[in-house]
There are 2 protein chains.
Amino acid sequence: MSGTLEPSIERIHRAETLEDLNGEILALREAFEVEHLVYHSVNSTGEQYAALTYSDEWVDQYLTEDYARIDPVVQGCYRRFHPVDWKNLNWSGKAAREFMGRAQDAGVGNQGFSVPIRGPSGQFALFTVSHQCNDDEWAKYTETRTRDLILMSHFVNQKALEIERGTDITSLQSLSPREKDTLTMLAVGYSRAQAAESLSISEHTLRVYIESARFKLGAMNTTHALARALSMGLLVV
Amino acid sequence: MSGTLEPSIERIHRAETLEDLNGEILALREAFEVEHLVYHSVNSTGEQYAALTYSDEWVDQYLTEDYARIDPVVQGCYRRFHPVDWKNLNWSGKAAREFMGRAQDAGVGNQGFSVPIRGPSGQFALFTVSHQCNDDEWAKYTETRTRDLILMSHFVNQKALEIERGTDITSLQSLSPREKDTLTMLAVGYSRAQAAESLSISEHTLRVYIESARFKLGAMNTTHALARALSMGLLVV
DNA sequence: AATCAACTCCCCATAAATAGCGAGGTTGCG
DNA sequence: CGCAACCTCGCTATTTATGGGGAGTTGATT
């Protein structure tokens, strides 16, 4: 089955600019035999990139109304690892149902399947296919295509990241071990005094770490620094 | 090619406990025809789970010496999205080369290939195969097996997450819209006064939200609350 | 109709974090 | 050997956050 994807994967691999990639992603609609296809990425600094086949009106409406806040696809995928059929999301709640109604009016298919993907430094993306058909057809489709969709989402995201930063490797300044220790202590709720005691250093020294971390992260205060470190995934490992 | 993986994927899918999963992961060594295989996961609260075929001595040494801090595989994969051949990592630096020497002594293969995987709430895992062979053989191996490894890493991680939290869906108490707004403002670095102005409410009201969020999250202070909200994935997009 | 959860506003006293000075020792890399 | 980055410690003044009270309005759900 994945044999039919080979040409698409190859072409995506050869893309050099976001425009190239955009075109290749839109072309995937035929490879996957669906009406709509969306790739949407957000990184920890809030930068977004999207390639999608929905109408401009729907995209505008989505953005201006800030639908991401109520869209069960976004909300659900953000907490999931495995791809999900839209039917299995939580559509209870008035806002969600109304949103779905508007999406239908805008031509979004009644069926959908979304693959969450996560990259370094808190990057998060969704790779979605949507279609108009009955439940049985869609169940059959997702069953046979899930692995292809997982792999494709991987390669698309890989290429998007590569283009975005020019290379595969992030050259981010990282935090020193002690800075990480310090932020980790604060992340578990310790006050400065407790954290310092826990690390067996003076509170003043701890403060120096907080400040250097804050400086490195471009943060305005401790809370901000911790938020940035966490969303950039700097405190693990 | 992925046909040969079908039975393994099925068995992993049926695993119900970490012990089951552990056994299935170790059995993957045959499916992938490698000497060593490692799955290692860390979540944002620091909990770890690992299934690996290395010797106990090497694992002990790795942990007690805190080798994760210098291991180029860990450090490199942490910043990458795409799987990586160990040869393409940064082995300059005395500590890294010494580490590799000890790994060789401990029976770790001279070749290795690692797939980084990320899940919700800052979870990070590595799926690694390692082997003893020459560069040409290994190059051929990785070329034909990369996609299988990506897919397998996905399914293993999916199952590990599912077992860890009992289900696929996080049933967490959520924050109210205003509580989310408030924490989001603080996450971007605003002080209370700034956040309140930005949300067009009084600073006192904002404080009420911070406190109710803190209560809901079981946090000891604002920084802690934000850390918990972020690592629980509550401040979505 | 009642109830509950969320949203909004206010005061006061205390605890904690931030900003601004400065200073010395260690480690690793070129 | 020198530079850079890291780790460690101290003092003072000011700003900001926290803890503990209380109170009225919506809106949705039961």
Side-chain angles (χ1 to χ4, degrees), chain A residues 69-70 92-98 171-227 234, chain B residues 66 69-70 72 75 90-99 172-187 189-229 234:
Chain A
R69 291 213 151 173
I70 54 174
S92 67
K94 201 175 111 191
R97 284 190 302 273
E98 285 179 1
S171 56
L172 286 173
Q173 52 187 339
S174 59
L175 300 172
S176 79
R178 277 320 224 184
E179 287 160 352
K180 285 186 201 175
D181 290 341
T182 297
L183 291 184
T184 303
M185 290 299 111
L186 298 180
V188 299
Y190 288 171
S191 68
R192 284 182 169 184
Q194 291 172 316
E197 193 189 345
S198 174
L199 294 174
S200 306
I201 54 178
S202 76
E203 190 178 333
H204 179 267
T205 301
L206 187 108
R207 212 187 67 191
V208 174
Y209 298 144
I210 296 175
E211 289 186 357
S212 56
R214 210 167 55 203
F215 181 77
K216 283 183 180 176
L217 296 167
M220 318 180 81
N221 53 46
T222 305
T223 302
H224 189 199
L226 191 57
L234 263 51
Chain B
D66 204 11
R69 288 207 158 173
I70 54 173
Q75 298 294 325
N90 175 23
W91 292 98
S92 67
K94 201 172 107 191
R97 283 189 303 272
E98 284 178 1
F99 163 76
L172 290 170
Q173 54 182 336
S174 61
L175 300 171
S176 79
R178 278 318 224 185
E179 287 161 352
K180 285 187 200 173
D181 290 341
T182 297
L183 290 184
T184 304
M185 291 297 112
L186 298 179
Y190 289 170
S191 69
R192 284 181 168 187
Q194 291 172 318
E197 194 190 344
S198 174
L199 295 174
S200 306
I201 53 177
S202 76
E203 191 179 332
H204 310 99
T205 302
L206 187 108
R207 215 186 66 190
V208 174
Y209 297 144
I210 297 175
E211 289 185 358
S212 57
R214 208 168 54 206
F215 182 76
K216 283 184 181 176
L217 296 167
M220 320 180 79
N221 53 47
T222 305
T223 302
H224 190 199
L226 192 56
R228 288 186 66 86
L234 264 43

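Chain identifiers are assigned alphabetically (A, B, ...) following the order of the sequence lines, protein sequences preceding nucleic acid strands; residue numbering begins at 1 within each chain. No experiment lies behind these values; they were computed from the predicted model shown.
- By the 6.0 Å contact criterion, CD on E211(B) is enclosed, its count of non-hydrogen atoms from other residues, nucleotides or ligands being greater than 12.
- Remark: C1' of dA6(C) and CG of L199(B) are 15 Å apart, rounded to the nearest angstrom.
- In this structure, K180(B) atom NZ and dA6(C) atom P are separated by 11 Å, rounded to whole Å.
- The separation between H204(A) atom NE2 and dC21(C) atom C1' is 10 Å, rounded to whole Å.
- Closest approach to the I201(A) side chain among dC7(D), dT8(D), dT18(C) is made by dT8(D) (side chain taken as heavy atoms from C-beta onward).
- Counting heavy atoms of neighbouring residues, nucleotides and ligands inside a 6.0 Å radius, atom OH of Y190(B) does not exceed 12 of them.
- In this structure, K216(A) reaches the dC6(D) phosphate: one of its side-chain N or O atoms is under 4.0 Å from OP1 or OP2.
- Here dC10(C) is the nucleotide among dA19(C), dA17(D), dC10(C) with the atom lying nearest to any side-chain atom of S202(B).
- In the set dA6(C), dG19(D), dC7(D), the nucleotide with an atom closest to the side chain of R214(B) is dG19(D).
- Among all heavy-atom pairs drawn from A195(B) and M185(B), the shortest one is CB-CB, 3.6 Å.
- Here the P atom of nucleotide dA23(C) and the CZ atom of R207(A) are 16 Å apart, to the nearest Å.
- Going from atom CD of E211(B) over to atom P of dA6(C) covers 16 Å, rounded to whole Å.
- Nearest heavy-atom pair, G189(A) versus N221(B), reported as atom, atom and distance to 0.1 Å: O-ND2, 3.2 Å.
- S191(B) comes within 4.0 angstrom of sugar-phosphate atoms only, judged by non-hydrogen atoms across all strands, and of no base.
- Contacts of T222(A) with the nucleic acid, taken as non-hydrogen atoms under 4.0 Å apart, involve only primed sugar atoms and P, OP1 or OP2.
- Distances shown here put every side-chain N or O of S176(B) at or beyond 4.0 Å from the OP1 or OP2 atom of dA5(C).
- One can place CE of M220(B) at 16 Å from C1' of dA17(D), the figure rounded to the nearest angstrom.
- In this structure, I210(A) places its CD1 atom 11 Å from P of dA19(C), rounding to the nearest Å.
- With dA17(C), dT8(C), dA6(C) as the candidates, the nucleotide lying closest to the side chain of R192(A) is dA17(C).
- Looking at heavy-atom distances under 4.0 Å, T205(A) makes contact with a base.
- Taking atom CD of Q194(B) as the reference point, atom C1' of dA17(D) lies 14 Å away to the nearest angstrom.
- The side chain of Y209(A) approaches dT8(D) more closely than any other nucleotide in the set dT8(D), dC6(D), dT18(C).
- Minimum interatomic distance between S212(A) and E179(A) (heavy atoms only, all atoms of both residues): OG-OE2, 2.7 Å.
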